[in-house]
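Throughout, protein chains are lettered first and strands after them, A, B, ... in sequence-line order, and every chain is numbered starting at 1.
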Amino acid sequence: MGRDEYQFAEIEKKWQARWEELRLFEAREEDPRPKCYVLCMYPYPSGVLHMGHVINYTIGDVIVRYKLLRGFKVLSPMGWDSFGLPAENAAIRTGVHPHEFTERNIARMTTQMTRAGWGYDWDREVATSHPDYYRWTQWFFLKFLEKGLAFKKKAPVNWCPSCQTVLANEQVKEGCCERCGTQVEQKDMDQWFFKMSAYAQRLLDNHAKLEAGWPESVIKLQKEWIGRSEGARIFFKVAETGDEIPVFTTRPDTLWGVTFLSLAPEHPLVEKLVRGTEHEARVMEAVREMRAAGTSEKELAEREKVGVFTGFHVINPVNGEQVPLWVANFALMTYGTGAVMSVPAHDQRDFEFARKYDIPIRVVIEPEGQELDPDTMEEAYTEPGTMTASGPFTGRKNTEAMRDIIAWLSEHRLGEAEINYKLRDWLISRQRYWGAPIPVVYCDTCGIVPVPEEDLPVLLPTDVQFVEGAGNPLATSASFVNTTCPKCGGPARRETDTMDTFVDSSWYFLRYCDPHNGDRCFGDEAVRHWMPVDQYIGGIEHATMHLIYARFFTMVLHDLGLVDFDEPFTRLFCQGMVCKTAYYCQTHKYIPEDQVTGGHREGDAIVGGTCALCGGPVTSEMTKISKSKLNIVDPDAMMDRFGADTVRLYMLSDAPPDRMQIWSENGINGAWRTVNRLWSLVVSNLGALSAMDEQVPGDLDDTGREIRRRTHQAITKVTSAIEGGFQFNTAIARCNELLNLVRSSEGRIHPAVLRETLETVLKIVSPIIPHMAEELWERMGHRESIFTSGWPEADPAVAAEEQIEIPVQVNGKVRSRLHVAPDVAREELERMALADERVQRFIGDKRVVKVIVVPGRLINVAVK
RNA sequence: GCCGGAGUGGCGGAACGGAAGACGCAGAGGACUUAAAAUCCUUUGGCCGUACGGCCGUGCGGGUUCGAAUCCCGCCUCCGGCACCA
């Protein structure tokens, strides 16, 4: 009893303290080892660790420890994305100041993280809500402003008139405010932007640099998000007023088929045109209806396509024809010019709209040898074809004529070639308290005046009221708002918008390199030393937003001469989400598993159960672990029951880490058993081990040679499983195989071989179950941490097979097996195969057509 | 609708174009125990057969190949992402 028991709580605490003493995760520039910067996306300090963090940070920690074993000095920092809405909502709800709320959560989560055994250089901790951090966020804003990359423009926001506040898309539910149910309005507000669109092409081009280290799917998603499209800008004019309406189109070849033009509801021309006309009331009412929903793109996508005729017409520049001008909710102010030319014959959406509103359809592209009739067409014709009724281009193939059409348009000054991007400028203004204040003041005489650098940080005031329905709390602080103009000394007002938290997270990886620098955002030397990040790890949900913002920000910093690279993350890994069965009852919606009664288990799900509250039937689904689906797993409780090592092992042992992980009680039990079996195998054999320096004898028996062979093969396999895409599940399987073999040969293994094998296993599992590996390593007589002992190296001579089994197929079906030395020649293999009695039987009286010999793999005899 | 990813035993999943189902879970049988839990051993894709063994089998249908879970074409289903992109 006692010492030989696996007492994980004690062991884990002991080694966490030891690592701290050893400063195992301290990263020093003067350390001569090569550097490796391993970074996990920092968390919002919600106060509790969830399973998403556990998988993310466990993967990160395994890589950190693996790199340590491989002889790198590893930079492994951790910090807090500590600005954001939840703290402010909590303040409104409970009266606790966001700062206090945040600090409390940070303290709680730090404890949980340490307990999980994740190793960080805590001296480098940053929190974006601390003034010594946001001072530099503000400083970057000033640099962007100087460069003309920060600017103000009007943009529509979701506005709740009752809360007097701007809502995030997430807070808008079916067009209404989530909190009070009031109908949300679209309101145009003056907002700060970063000119990210100017970097669209570069963000696209630079993907070439990332192809080697980023998942292909993320690059694809970003390409789609940036959305480059080539086409033309074409100048239409309003027939009645002469106002010019430029339109972007990717299909200038269909220009002769335009039968109407549509403006976005928020297009400024709409109001200008109809004001004071007979159409005003009708059109503006329709516009108001179209704008009555939220600004979320999803909402825009799912709503029905509607429009209203403005009463005006536009002139098609290529043929002088007048076509009606509409306002339509499918025209987006945020893309292109906010105006769309519509060709119902060759665009499905336009086709449906035209049929709905009885707008003419004109065919200008026809398929080979076929005539299209606008009256009987059932869908738009979008394939390539021959142009008809298209002026000088009639008779040409549309795909081939495209370039000439654009040249012709610009020659006649009717249009010009244009490239458009879906990527928009980055709206950074937030009408919130808990964020970095945008460092500008408004002066009646001088206008917008940046706060001088030496006056940074612009601190968040404390005399603020957090009251529901009062709008931005920051605007309630008189001491904050009222200031003097830095230029003229006259009275001025401070900007009360704060910055999007994505601005904070666009440079935190740089601050980690030099976190205590009080004079600069970071030192050149430190950043040159550690950056770029060698391995970044985080959720796929950040594929577009965060990862594009951070790339853009880094490019700007590069252009400002602040860093000498323009891509921050060399390699990226995205882990899968953690899922678990959730249960749903018609009346009580999602219910926790312990509220399901009866039924039977089918795998991890209870099938045919009933709701404990109402007796109604319960259905199950496998879905992402979340509070709202009541299927959460508390990592802390799991670590209480099984210890951190078991939880870590389980997270990695079942599926490849980039796939969905399924949390099951059976699964964690299996990991628990695995960990215990390793423990008892080592502990029970401690007495049988040889002295630490005893050599493996030269004349080893079969068992010894076999065990050594498998051990050295395991090293190779585990190493390549980790290097080739973090396949920890197969790495763990290889260790299990080896341990199973050792167990079945127990008592017959030479002590020196046993030591070699157990030490090897401990090393290769140490990144995954570090506490147990350290403890057993120590009990085997080692004085130094296993993480300073180096990664094992396989000896090819030891790993080489003495005899191999080669399957012999006849017509692709295995009929026999040959046992041969690995270097038997091709001819000899063929001879042996054909001579084989079983093979002979299956050849029978058929004719051997061909014999395929893959040395070392298999033989296939093709017969007819 | 568009884009991306995935479909393999009862389950999670293995498998450079070369032995399908590694490793683990669950199940069955057994040992230990007064008993249970824990642990250990055996067994486990389906069908036929007493057996040696044979046949079938990686979502469906074709194709390439001596050989396909893997490559190609066409479909189906599920998951994820999305901003009607003119």
>> Taking side chain to side chain donor-acceptor pair (under 3.5 Å) as the criterion, tell me which of A/Gln348, A/Arg349, A/Lys356 meets it with A/Glu352.
In response: A/Gln348
>> Does a side-chain N or O of A/Arg815 approach OP1 or OP2 of B/rG54 to a distance below 4.0 Å, or not?
In response: yes
> Could you give the distance from OG1 (A/Thr254) to CG (A/Asn398), rounded to the nearest 0.5 Å?
Replying inline: 9.0 Å
>> Measuring from the side chain of A/Ile662 (C-beta onward, heavy atoms only), which nucleotide among B/rA86, B/rG5, B/rG12 has the closest atom?
In response: B/rG12
> Considering every strand shown, what is the Watson-Crick or G-U wobble mate of B/rG80 when both distances are under 3.5 Å?
Replying inline: B/rC3
>> Between the base of B/rA6 and the side chain of A/Arg659, is one N or O donor paired with an acceptor at under 3.5 angstrom?
In response: no
>> If you only use heavy atoms from C-beta on, which nucleotide in B/rA86, B/rC3, B/rC23 is closest to the side chain of A/Glu224?
In response: B/rC3
> Quick one: A/Arg734 CZ to B/rG24 P, roughly how many Å, whole number?
Replying inline: 10 Å
> Does B/rC25 have OP1 or OP2 sitting under 4.0 Å from an N or O in the side chain of A/Arg673?
Replying inline: yes
>> A/Tyr357 and ring pair (Phe, Tyr, Trp, His ring centres under 6.0 Å): which single residue from A/Phe351, A/Phe260, A/Trp326 fits?
In response: A/Trp326
> How many Å lie between CZ on A/Arg841 and P on B/rG54, as a whole number?
Replying inline: 7 Å
> Per the ring pair (Phe, Tyr, Trp, His ring centres under 6.0 Å) rule, which among A/Phe194, A/Tyr199, A/Phe193 passes with A/Trp426?
Replying inline: A/Phe194
> Among B/rC23, B/rC25, B/rC40, which nucleotide sits nearest the side chain of A/Asn666?
Replying inline: B/rC25
> Given that both distances must come in under 3.5 Å, which nucleotide forms a Watson-Crick or G-U wobble pair with B/rC60?
Replying inline: B/rG74
>> I want to verify the glycosidic state of B/rG9; is it syn or anti under the 90° rule?
In response: syn
